[in-house]
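Sequence lines set the chain letters: A, B, ... in the order given, protein chains first and strands last, and positions in each chain run from 1.
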There are 2 protein chains.
Amino acid sequence: MVTESAEEYLEAIYKLGEEGQPVALSTLAECLEISSVSANEMVRKLVERKLVLYEPYKGVSLTPAGQAKALAVIRRHRLWERLLTDVLDLSWDQVHEEACRLEHATSPLVEERLAQLLGEPKTCPHGHPMPTAEGEMAVEAGCPLAELTAGQRARVLRVPEGDDALLRYLATLGLKPQVTVQVEVAAPFQGPLTVQVGEARHVLGRELASQIVVRPL
Amino acid sequence: MVTESAEEYLEAIYKLGEEGQPVALSTLAECLEISSVSANEMVRKLVERKLVLYEPYKGVSLTPAGQAKALAVIRRHRLWERLLTDVLDLSWDQVHEEACRLEHATSPLVEERLAQLLGEPKTCPHGHPMPTAEGEMAVEAGCPLAELTAGQRARVLRVPEGDDALLRYLATLGLKPQVTVQVEVAAPFQGPLTVQVGEARHVLGRELASQIVVRPL
DNA sequence: GTGTATAATTAGGCATGCCTTAAGAGGGTA
DNA sequence: TACCCTCTTAAGGCATGCCTAATTATACAC
Ligand SMILES: [Mn+2]
Ligand SMILES: [Mn+2]
Ligand SMILES: [Mn+2]
Ligand SMILES: [Mn+2]
């Protein structure tokens, strides 16, 4: 077994390493909001337990065993997020923090039953993919909304999690997974995008639009 | 805030103190499966935080603040037990351990929504009363099944939690809260009871029968 | 190539929550 | 009253997970 703290590290290493690059210790420390000394300490323990590989000045990466553990935690996190939104009717900006605690208190049995009850959901409420019980995770390919040109239509795949205020803002715009958007104007020089969402038209900063992943139609 | 460990202590002190007597340190230690030295240490911290009162050689008891915290934890525990059995379809012998972890990872918001979803349940799956959100807990009066005499009918109020094997056994007998039982024979000299449960007839040891609380009809 | 900014590590500490060993305090019994 | 057993507490330790300050190692830019 792995402590709650170690689970948090594995989860962070997975997410930061999704680009394929090993994760710098300092990046990991910043992400977890701890000192790099503490990160170093824990990473050494994880190396000992063969859950991660570490090369100083290169970074940390997950072993297959570490990745399996990380994906299990992420699966639990996203299953809880779904339960909290779909069954307990919390808003999508309230669920991350709750799920971050519940994920560490979840047995494989409860994980399985949650998945059954929810109908084996394919994503979390923010559109991020659900790892399977077997530790597979298929990331649906897409592109940032910011890359679309005027006139293009697209379906929203996922939005950034983790910033509650941003999520509340996106909710007021109706910008959530599965929704269809159409770019009306893409201002040049990295200017804002005017997008139509449902009946409404909104202006989005390019920076924000680049964080929203869509599939062009 | 109070740590997970402190919550466990408060919960134990509440349950052990339900008779009204202060709880001996050694009793508390045994219940929590820790050394009495460790119990002493934590109790001193709880005294400092004005959550318990402690008199050496007398025992520990909860202050109003401590009782409120204890009841909140117990409420969360029992709400999770209900969710796990009623919504996630776990059996009643599987839920205690799961709920014991989840109870510490539950915000007031989730607590409230759980209660709503479940329809403000009055008891846990084992028949034990649900504290209200305001920190009230009404224990339905009853008597041990062992005290009934031949011919008496009664409704089961609650069964002992905490022993999974016992719970599985009771499940095979159909002896669960709300069920009506009729004593056929109460053997003298603390002998076993023959009881009718639904269509079936079972013989129960007096010791076991004394742990099942019923309301005579 | 060398210097320097950045990254990593060492050293030393602190809080929490548990432990064992051993000494002290209370209370019942012979 | 004296003894003994149990309960409590004191002393010292250990593991985990975090910290700061100071030092060392490295990579990259010049
Ligand atoms: Mn977490
Ligand atoms: Mn999510
Ligand atoms: Mn618990
Ligand atoms: Mn129960």
Side-chain angles (χ1 to χ4, degrees), chain A residues 1-17 19-62 66 69-70 73 97 100-101 103-105, chain B residues 1-14 16-17 19 21-62 66 69-70 73 97 100-101 103-105:
Chain A
M1 249 298 288
V2 121
T3 63
E4 177 164 333
S5 194
E7 288 189 341
E8 223 62 86
Y9 277 83
L10 293 172
E11 211 179 345
I13 294 164
Y14 185 95
K15 289 187 181 170
L16 295 171
E19 317 302 301
Q21 300 299 315
V23 181
L25 210 53
S26 52
T27 310
L28 182 59
E30 192 191 6
C31 170
L32 293 169
E33 297 182 274
I34 54 169
S35 74
S36 57
V37 175
S38 301
N40 182 273
E41 202 172 23
M42 178 62 88
V43 164
R44 261 179 293 157
K45 282 179 204 159
L46 295 175
V47 167
E48 232 171 69
R49 305 187 53 177
K50 301 200 197 305
L51 296 171
V52 307
L53 301 173
Y54 176 47
E55 266 197 273
Y57 299 98
K58 289 280 164 42
V60 190
S61 55
L62 294 170
K69 284 217 174 3
V73 177
E97 192 188 330
C100 184
R101 273 177 283 114
E103 66 192 0
H104 312 290
Chain B
M1 251 297 289
V2 121
T3 64
E4 177 163 334
S5 193
E7 287 190 341
E8 222 62 87
Y9 277 83
L10 293 173
E11 212 179 344
I13 293 165
Y14 186 95
L16 295 171
E19 318 302 301
Q21 300 299 313
V23 181
L25 213 50
S26 53
T27 310
L28 182 58
E30 192 192 5
C31 171
L32 293 170
E33 296 183 276
I34 53 168
S35 75
S36 56
V37 176
S38 301
N40 181 270
E41 201 171 23
M42 177 63 87
V43 163
R44 262 178 294 156
K45 282 179 203 159
L46 295 175
V47 167
E48 233 171 68
R49 306 187 52 176
K50 302 200 194 307
L51 296 170
V52 307
L53 302 173
Y54 176 48
E55 265 199 274
Y57 300 98
K58 289 281 163 40
V60 189
S61 55
L62 295 169
K69 285 218 175 357
V73 177
E97 192 188 331
C100 185
R101 273 177 283 114
E103 66 193 359
H104 311 291

Worked verdict on A:Glu7 versus A:Glu11 for side chain to side chain contact (heavy atoms under 4.5 Å, CB included): CA-CA 6 Å; A:Glu7 288 189 341; A:Glu11 211 179 345; 5.7 Å; no
Note, B:His104 side chain near B:Glu8 side chain (heavy atom, < 4.5 Å):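 Counting from C-beta outward, B:His104 and B:Glu8 do come under 4.5 Å.
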What nucleotide, of [options], holds the atom closest to the side chain of [X]?
X: B:Val37; options: C:dG17, D:dA11, D:dT8; result: D:dA11
X: B:Glu41; options: C:dC19, D:dT16, C:dA7; result: C:dC19
X: B:Ser35; options: C:dC18, C:dG24, C:dT20; result: C:dT20
X: A:Arg44; options: C:dT10, C:dC19, C:dA8; result: C:dT10
X: B:Ser36; options: D:dT8, D:dA27, D:dC19; result: D:dT8
X: B:Met42; options: C:dG17, D:dC19, C:dT10; result: C:dG17

Set of side-chain contact (heavy atoms from CB on, under 4.5 Å) partners for A:Ser35, sequence neighbours left out: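 For A:Ser35, the residues satisfying side-chain contact (heavy atoms from CB on, under 4.5 Å) (neighbours in sequence not counted) are A:Val37, A:Ser38.
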Non-hydrogen atoms of B:Val43 and B:Val52 that approach each other most closely: O-CG2, 4.0 Å
For B:Leu28 against B:Leu16, the heavy-atom pair lying closest together: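 Minimum heavy-atom separation between B:Leu28 and B:Leu16: CA-CD1, 4.0 Å.
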Residue whose nearest DNA chain C nucleotide is more 5′ - B:Lys58 or A:Tyr57: A:Tyr57
Neighbours of DNA chain D within residues 1-11 of chain A, by heavy-atom distance under 4.0 Å: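 Contacting residues: A:Thr3, A:Ser5, A:Tyr9.
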Sugar-phosphate only, base, or nothing, as touched by A:Ser38 at under 4.0 Å among non-hydrogen atoms: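 It contacts base atoms.
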Rounded distance (nearest 0.5 Å) linking atom CG of A:Leu32 with atom CD1 of A:Ile13: 8.0 Å
Derivation of the side chain to side chain contact (heavy atoms under 4.5 Å, CB included) call for A:Ile34 and A:Met42: CA-CA 11 Å; A:Ile34 54 169; A:Met42 178 62 88; over 6 Å; no
Could you tell me how far apart [X] ([atom1]) and [N] ([atom2]) are, to the nearest whole angstrom?
X: B:Ile34; N: C:dC18; atom1: CD1; atom2: P; answer: 6 Å
X: A:Glu30; N: D:dC19; atom1: CD; atom2: C1'; answer: 18 Å
X: B:Glu55; N: D:dT8; atom1: CD; atom2: C1'; answer: 14 Å
X: A:Leu25; N: C:dT10; atom1: CG; atom2: C1'; answer: 14 Å
X: A:Leu46; N: D:dT16; atom1: CG; atom2: C1'; answer: 13 Å

